[in-house]
Amino acid sequence: MSMTGGLDSFGLAELTARPEDAMRLAGLAMAEGQRVAGYRGDYYRYRLGDAAAVVRLRRDPDSGQEELLGIDAHTAGGCPWTCRVVKNVTPEGADEMSLRLLVEAGEAGDRAVVNVLCADVLPDPAAGDELRLQMAGFPLRVSYDQGESLGVVEPGEDTTLLQGVVKDAKVGETYLGMEPLTRFVSVTAATRMGDIELCHPMELVKEAQRDLVKPGAVVSALCVLAGDAAAGLYAGGTVFDEAHDLALLARFFRQGDVERLRPVLRSDCAVTFLENRQEGLVNAMALLEMVRRDLGPLDRQGLGAVAAGPQGTAGRGCLLLGGAAGWAFLGVLELDSLGRIRELTITNDPQWEFEERA
């Protein structure tokens with residue numbers, strides 16, 4: 001249900017202890033929290049004082065109902081990291097709205113394993129992409145000492161060992177409505193990958209070290225890291241424009257999951273593949289699924305623009321789809337004023353020329 005270890009770092013494990021408890025918290029989040037729209041479903045961020053619950057809901061394509069996939073924990077704030085994706089390390093069996101990445105940041109090129117919250121706002125997070133994440137860490141083990149920090153950052157399979165210097169230490173508080181619930185330690189530490197907010201119960205700290213939970217101390221922690229992707233450009237959720245729509249289509253032709261395309265296709269959209277033209281959302285999605293299946297594995301793919309084509313198409317965003325046998329198709333977009341796809345033409349007509357964008 002949770003990739004960040006749940007709410008136990010804030011002393012709030014009871015809020016999701018039973019399925020009915022989790023459903024109650026999800027209902028509160030939907031009624032009173034902030035909705036963040038993803039491609040495959042929605043996230044709801046619900047403030048619990050200085051903590052936050054992030055609910056993942058998937059739309060069932062058959063019934064249209066929302067299914068609760070899980071509830072993750074985060075802070076009410078978080079520290080921003082700008083990092084590069086190294087590779088996707090999401091565990092097998094995770095739901096389609098969860099994502100775990102190995103990321104790289106800092107001058108030393110340090111790496112960390114991060115569970116990405118609100119991940120479905122990203123059209124196609126791939127190796128080399130730059131991400132902005134609001135970061136928090138939830139220690140499984142923690143130590144506070146005097147001396148100098150070695151700045152260690154070592155990723156494991158699902159945790160990261162990090163060391164930094166405490167910049168700020170305070171007592172965080174959680175609430176449900178007006179009712180006080182728990183208190184926890186909130187420490188902002190400087191690491192080689194950037195500042196990070198570490199949240200944990202005081203009971204995790206050895207008695208002899210509790211006086212060292214203060215600025216200037218060295219903190220070493222084995223952490224589950226959580227980075228909220230719904231920040232900056234994606235603060236409100238998915239973004240609809242030519243670049244994002246093309247990236248979403250590129251991922252679809254590589255990995256499938258036609259349901260992720262639903263929000264970006266207009267209800268009256270049209271898809272044309274060679275001589276086959278289908279109008280309306282359901283028919284268009286069915287044709288796209290057929291095209292992906294018929295094209296098979298792609299040997300090459302590229303995002304660019306139409307360099308030459310029928311009148312009025314030059315400069316339009318397009319997607320190159322190439323196969324090992326030498327065949328190639330172009331997927332050319334026509335968007336409405338909101339950035340959603342009005343028409344998609346997939347063609348191998350030689351009068352269309354592709355120009356790759358930097």
Would you say [X]'s side chain and [Y]'s backbone share a donor-acceptor pair under 3.5 angstrom?
| X | Y | result |
| --- | --- | --- |
| Q209 | Y144 | yes |
| R18 | E20 | no |
| E242 | G317 | yes |
| D294 | V291 | no |
| D95 | S98 | yes |

Between [X] and [Y], do the side chains contain an N or O donor and an N or O acceptor separated by less than 3.5 Å?
| X | Y | answer |
| --- | --- | --- |
| N88 | T90 | yes |
| T160 | E154 | no |
| S143 | S220 | no |
| Y39 | H244 | no |

Among V205, V213, L222, which residue satisfies the side chain to side chain contact (heavy atoms under 4.5 Å, CB included) criterion with V142?
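The option that passes is V205.
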
L133 and side chain to side chain contact (heavy atoms under 4.5 Å, CB included): which partner among L117, L225, V116?
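Option passing the side chain to side chain contact (heavy atoms under 4.5 Å, CB included) with L133: V116.
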
Given R58, R56, R260, the one that forms side chain to side chain donor-acceptor pair (under 3.5 Å) with D120
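Going through R58, R56, R260 one by one, the side chain to side chain donor-acceptor pair (under 3.5 Å) with D120 is satisfied by R260 alone.
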
Check: F10 ring centroid to H74 ring centroid under 6.0 Å:
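No, they do not, as the ring centres are separated by 6.0 Å or more.
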
side-chain hydrogen bond (donor to acceptor under 3.5 Å, both in side chains) for T191 and Q163? Distances and angles first, verdict last.
CA-CA 7 Å; T191 78; Q163 188 180 85; over 6 Å; no

Please report the shortest heavy-atom distance between F354 and C318, naming the atom on each side.
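In terms of heavy atoms, the two residues are closest at CD1-SG, 3.4 Å.
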
Please report the shortest heavy-atom distance between L265 and L288, naming the atom on each side.
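Shortest heavy-atom separation between L265 and L288 comes out as CD1-CD1, 4.3 Å.
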
Check step by step if side chain to side chain contact (heavy atoms under 4.5 Å, CB included) holds for E343 and T272.
CA-CA 8 Å; E343 184 145 352; T272 302; 4.2 Å; yes

Check which hydrophobic residues are tied to L338 through side-chain heavy-atom contacts below 4.5 Å, counting indirect links as well, and list them.
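Reading the cluster by chain and number, L338 sits alone, since nothing else belongs.
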
Membership question, hydrophobic clusters at under 4.5 Å side-chain separation (ILVMFWY): are V332 and L274 in the same one?
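Hydrophobic grouping puts L274 apart from V332.
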
Would you call R342-D268 a salt bridge at under 4.0 Å N-O?
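No, no charged N to carboxylate O under 4.0 Å.
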
Begin from the C-alpha positions of V166 and L212 and carry the test side chain to side chain contact (heavy atoms under 4.5 Å, CB included) through to its verdict.
CA-CA 10 Å; V166 176; L212 294 174; over 6 Å; no

